[in-house]
**Q** 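Take a look at the following structure, please.
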Amino acid sequence: MKNKKFYVTTPIYYVNDKPHIGHAYTTILADVLARYHQMAQEEVFFLTGLDEHGQKVQQAAQKREMSYQAHCDDLAPRFIQLWEKLGIRYDDFIRTTQERHIKTVQHILQKVYEAGDIYQDEYEGWYSVAEERFITETEKDSGQFRDVKILKERNWFFKMSEYQDKLVDYIYEHPEFIQPEHRRNEILGFLKQPLGDLCISRPKSRMDWGIELPFDKEYVTYVWFDALINYITAPGYLDDPKKFKKWWPADVHLIGKDILTTHCVYWSTMLLSLKLPLPKTIFAHGWWLVGETKMSKSLGNVINPLDLIDQYGVEPVRYYLMREMVLGQDAQFTLESFIKRFNSDLANDFGNLLNRVSGLVGKYFDGCIPDQSHLMQADLDIRKQAMALEEKVRDYVNHFHINEAIEEILELVRATNKYVEHQAPWKVAKESLNSAGRILYTAMEALRISAVLLSPVMPQKTHIVLDVLGAVGSTPKWGELKINTKLKTHEALFPRLEVKSNEKGT
RNA sequence: CGCGGGAUAGAGCAGCCAGGUAGCUCGUCAGGCUCAUAACCUGAAGGUCAGAGGUUCAAAUCCUCUUCCCGCAACCA
């Protein structure tokens with residue numbers, strides 16, 4: 001049987017500023033998904049990268065008195081280094097200034113142009129002289145823009161409207177296409193209005209940092225038309241048909257809720273025009289809110305979550321971000337909840353389970369994994385729960401409920417702690433070493449399976465656990481522990497964090 | 001009447017689509033255990049499920065209205 005493939009993307013991040021928690025979150029999420037699918041024996045392609053054209057980049061570069069490309073080259077490593085720090089294992093890193101991408105975009109522009117889906121017209125709208133861009137009616141009414149005037153400009157347009165009906169039908173026929181569901185409704189609501197055509201050019205006179213239109217040298221491409229194409233550039237749309245056929249359509253485009261319309265509407269209609277299949281799922285996650293709405297004054301502790309990495313380690317941060325964010329909702333990032341999560345889940349439950357079990361095995365079995373012999377009811381209960389876990393986790397992950405997958409694993413960890421407590425092998429051992437061995441074997445198997453299933457979230461820490469158990473490379477199937485294996489010594493996995501008692505009220 | 005989502009114990013969430021004793025984690029209180037990272041286990045307190053009305057033998061769950069919060073309303077990534 002041929003392995004399934006899994007192609008996951010993050011947005012390509014815009015290099016007008018340094019990476020922040022939003023970038024980190026999406027990328028970790030993609031990484032975790034990629035690793036789970038790898039664990040399920042699927043072939044995975046994980047793409048991330050940078051969006052380097054457009055007005056904001058131009059402005060940022062000008063401000064720094066650098067060339068556009070130099071500015072991009074300066075920022076790119078910051079992203080790459082952060083991904084290294086976060087343990088991100090991507091397969092390709094695309095930058096829209098790369099030759100492969102520019103060629104692909106120009107090829108597509110030419111193709112769409114020749115197919116008659118691009119035409120020239122005059123764009124008229126409110127233009128902010130200060131911002132050097134057109135603004136929407138809503139933006140104009142907000143009164144936040146000065147020097148606003150009506151401006152007419154000749155531009156090239158993509159016939160997005162042609163594909164409106166097709167797109168609406170597609171969304172209705174594919175409930176999994178846009179997730180979560182309320183985002184899908186949002187797009188369907190948006191598409192109830194007649195869709196206009198998309199202006200896809202910018203005159204060089206106004207903005208020249210972009211990909212030149214192959215059929216009109218006076219213009220560069222609008223940055224979104226450029227950026228979205230990255231998803232097919234990387235798997236080889238232009239120059240590697242075999243590779244492209246293997247990976248496209250993408251299984252998941254992960255995005256923030258702020259770029260929902262561009263992906264669901266612009267990108268989809270572009271693909272429809274190109275007669276390419278649409279991605280299977282576009283998943284929009286929520287945003288991290290740091291603390292309260294206005295947190296500055298009372299506590300003076302405006303926390304940049306990235307700082308936590310240096311202080312507490314990468315993996316607790318990965319764990320926290322994955323565990324705490326629910327579906328496509330927003331979530332609050334507070335140091336208090338981070339520490340609570342760390343102590344209760346990682347230190348008290350998971351780390352401590354390893355500690356107590358390995359301690360007992362050291363004490364009564366000379367550090368060697370004992371034989372399980374035949375299991376009693378309580379043992380069978382744990383085994384049953386552990387054996388059912390893999391499928392539950394897979395199911396949750398496939399539906400993007402990472403937090404629930406993690407919770408399900410922690411339930412096994414907690415149940416195992418409970419089991420050890422109730423079975424009291426330290427007492428049993430005085431009468432029957434055999435029975436104590438059975439209990440400890442069962443607990444260690446449950447721990448091992450928990451570690452395997454948590455490994456996509458915390459690859460390094462779970463590796464330590466598996467290494468201690470002599471079970472690196474094992475699967476979530478029951479019974480892979482090797483009897484008589486000598487346990488390795490280890491430090492506390494997640495030493496408890498002291499609660500700083502200077503917080504008040506929050 | 002623009003479209004849509006939400007309001008469940010001190011906190012964060014599940015349950016709602018397929019009505020039938022209100023559940024999980026954290027926190028609090030009281031015990032227990034002592035193998036373990038002052039950890040773990042047992043038990044308890046705490047909710048008129050935003051409010052009002054309706055359907056039903058039965059509503060957190062379905063319907064209507066009200067209040068409050070939030071998202072979207074396109075050419076900026």
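Per chain, numbering begins at 1; letters A, B, ... match sequence-line order. Just so you know, these numbers use all the heavy atoms, side chains as well, and skip hydrogens, waters and symmetry mates.
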**Q** What's A:Tyr13 touching, base or sugar-phosphate or nothing? Going by heavy atoms closer than 4.0 Å.
**A**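 A:Tyr13: no heavy atom of the nucleic acid under 4.0 Å.
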**Q** Whole angstroms only, please: what is the CD1-P distance between A:Ile200 and B:rC76?
**A**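 Atom-to-atom, A:Ile200 to B:rC76, this comes out as 14 Å.
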**Q** Would you call the rings of A:Trp209 and A:Tyr68 parallel, tilted or perpendicular if under 30° counts as parallel and over 60° as perpendicular?
**A**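 The arrangement is tilted - the two ring planes meet at 30° to 60°.
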**Q** What integer number of Å spans the C1' atoms of B:rC41 and B:rG53?
**A**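 Comparing C1' positions in B:rC41 and B:rG53 gives a spacing of 48 Å.
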**Q** Between A:Lys257 and A:Glu186, is there a salt bridge with N-O shorter than 4.0 Å?
**A**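 Result for this pair is no, no salt bridge flagged.
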**Q** Parallel, tilted or perpendicular, judged at 30° and 60°: which one describes the rings of A:Phe158 and A:Phe225?
**A**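 Judged by the thresholds at 30° and 60°, the geometry between A:Phe158 and A:Phe225 is perpendicular.
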**Q** Could you give the OH-to-P distance, from A:Tyr266 to B:rA73, as a whole number of Å?
**A**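 That distance rounds to 9 Å.
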**Q** Given the P atoms of B:rC76 and B:rU8, what is the spacing between them in whole Å?
**A**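 About 39 Å, rounded to a whole number of Å.
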**Q** Identify the nucleotide, in any strand shown, that forms a Watson-Crick or G-U wobble pair with B:rU64, with both distances under 3.5 Å; if there is none, say none.
**A**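 Its partner is B:rA52.
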**Q** Is A:Lys461 close enough and on-axis enough to A:Phe494, meaning under 6.0 Å and within 45°, for cation-pi?
**A**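 Verdict for A:Phe494: a cation-pi partner in A:Lys461.
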**Q** Need one value for A:Asp197: base, sugar-phosphate or nothing, where a base atom within 4.0 Å counts as base even if backbone is also close, heavy atoms only.
**A**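 Base: the residue A:Asp197, judged by heavy atoms under 4.0 Å, touches a nucleobase.
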**Q** Could you give the OH-to-P distance, from A:Tyr222 to B:rC76, as a whole number of Å?
**A**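 Rounding to the nearest Å, OH of A:Tyr222 and P of B:rC76 are 5 Å apart.
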**Q** Which value, in whole Å, describes the distance between the C1' atoms of nucleotides B:rC49 and B:rC62?
**A**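 The answer is 16 Å between these two C1' atoms.
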**Q** Distance check, P atoms only: B:rA18 and B:rC1, in whole angstrom units.
**A**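 Here B:rA18 and B:rC1 have their P atoms 31 Å from each other.
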**Q** Look through every strand shown and name the nucleotide pairing with B:rC17 as Watson-Crick or G-U wobble, where both distances are under 3.5 Å.
**A**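 Across all strands, not a single nucleotide pairs with B:rC17.
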**Q** Can you tell me the distance, in whole Å, between the CD atom of A:Glu491 and the P atom of B:rU37?
**A**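 The answer, rounded to whole Å, is 12 Å.
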**Q** Identify whether any heavy atom of A:Arg323 sits under 4.0 Å from a base atom; if not, whether one sits that close to sugar-phosphate; answer base, sugar-phosphate or nothing.
**A**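 Counting heavy atoms under 4.0 Å across all strands, no contact is made by A:Arg323.
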**Q** Take atom C1' in B:rG2 and the same atom in B:rA60, then report the distance between them in whole Å.
**A**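 Pairwise C1' distance, B:rG2 against B:rA60, rounds to 30 Å.
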**Q** Applying the Watson-Crick and G-U wobble criteria at under 3.5 Å, what pairs with B:rC72? Answer none if nothing qualifies.
**A**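 The base-pairing partner of B:rC72, which may sit in any strand shown, is B:rG2.
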**Q** Taking A:Leu454 as the fixed residue, which of A:Leu346, A:Val393, A:Ile409 is the one that meets the side-chain contact (heavy atoms from CB on, under 4.5 Å) rule?
**A**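 Going through A:Leu346, A:Val393, A:Ile409 one by one, the side-chain contact (heavy atoms from CB on, under 4.5 Å) with A:Leu454 is satisfied by A:Ile409 alone.
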**Q** Which part of the nucleic acid does A:Asn348 contact within heavy-atom distance under 4.0 Å: base, sugar-phosphate only, or nothing?
**A**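 It contacts sugar-phosphate atoms only.
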**Q** I want to confirm an ordering. Mapping A:Ala415 and A:Phe350 to their closest nucleotides on RNA chain B, which one lands closer to the 5' end?
**A**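 This one resolves to A:Phe350.
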**Q** From C-beta outward on A:Glu186, which listed nucleotide comes closest to its side chain: B:rG71, B:rU37, B:rC41?
**A**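 My answer, after comparing the listed nucleotides, is B:rG71.
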**Q** Taking the P atom of each, how far is B:rG43 from B:rG23, in whole Å?
**A**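 14 Å, rounded to whole Å.
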**Q** Counting only Watson-Crick or G-U wobble pairs whose two distances fall under 3.5 Å, which nucleotide matches B:rC33?
**A**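 WC or wobble partner does not exist here.
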**Q** Would you say A:Trp156 and A:Thr221 make side-chain contact, with heavy atoms under 4.5 Å?
**A**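 Counting from C-beta outward, A:Trp156 and A:Thr221 never come under 4.5 Å.
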**Q** Identify, between A:Leu493 and A:Glu407, the residue whose nearest nucleotide on RNA chain B lies closer to the 5' end.
**A**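 It is A:Glu407 whose nearest nucleotide is closer to the 5' end.
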**Q** Provide a list of protein-nucleic acid N or O atom pairs under 3.5 angstrom, restricted to nucleotides 26-35 of chain B.
**A**
| unit_1 | atom_1 | unit_2 | atom_2 | d |
| --- | --- | --- | --- | --- |
| B:rG32 | N2 | A:Glu421 | OE2 | 3.2 |
| B:rC35 | O2 | A:Arg356 | NE | 3.2 |
| B:rC35 | N3 | A:Arg356 | NH2 | 2.5 |
| B:rC35 | N4 | A:Arg356 | NH2 | 3.1 |
| B:rC35 | N4 | A:Glu421 | OE1 | 2.9 |

**Q** Rounded to the nearest angstrom, tell me the gap between atom CZ in A:Arg496 and atom P in B:rU37.
**A**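 Nearest whole value for this atom pair: 12 Å.
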**Q** Does A:Leu195 reach a base, just sugar-phosphate, or nothing at all? Heavy atoms under 4.0 Å.
**A**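 The answer is base, as A:Leu195 lies within the cut-off (heavy atoms under 4.0 Å) of a base atom.
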**Q** Given the P atoms of B:rA50 and B:rG6, what is the spacing between them in whole Å?
**A**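 Between the two P atoms, the distance is 12 Å.
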**Q** Just how far, in rounded Å, is P of B:rG71 from NZ of A:Lys257?
**A**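 Distance, rounded to whole Å: 6 Å.
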**Q** Below 4.0 angstrom, N of the basic side chain to O of the carboxylate: do A:Arg154 and A:Glu218 qualify?
**A**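 So A:Arg154 does not pair with A:Glu218 through a salt bridge.
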**Q** Send over the distance from A:His182 NE2 to B:rG4 C1', rounded to a whole Å.
**A**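 The distance from NE2 of A:His182 to C1' of B:rG4 comes to 9 Å, rounded to the nearest Å.
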**Q** For residues A:Tyr231 and A:His263, determine if any side-chain heavy atom of one lies less than 4.5 Å from a side-chain heavy atom of the other.
**A**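 Touching, per the 4.5 Å side-chain cut-off.
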**Q** Give one of base, sugar-phosphate or nothing for A:Ala227, where a contact means two heavy atoms less than 4.0 Å apart.
**A**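 No contact.
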**Q** A:Ile187 near the nucleic acid: base, sugar-phosphate alone, or nothing, with a heavy-atom cut-off under 4.0 Å?
**A**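 Contact class for A:Ile187: none.
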**Q** Could you tell me which residues satisfy side-chain hydrogen bond (donor to acceptor under 3.5 Å, both in side chains) with A:Arg78, sequence neighbours excluded, listed by chain and number?
**A**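 A:Asp74.
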**Q** Would you mind reading off the distance between A:Leu191 atom CG and B:rA74 atom C1', rounded to a whole angstrom?
**A**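 Rounded to whole Å, this separation is 10 Å.
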**Q** Tell me which nucleotide, if any, is Watson-Crick or G-U wobble paired with B:rA44 when both distances must be under 3.5 Å.
**A**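 B:rA44 is paired, partner B:rU28.
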**Q** I want to verify a distance call: between B:rU25, B:rU42, B:rC76, whose nearest atom is closest to the A:Arg202 side chain?
**A**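 So the side chain of A:Arg202 is nearest to B:rC76.
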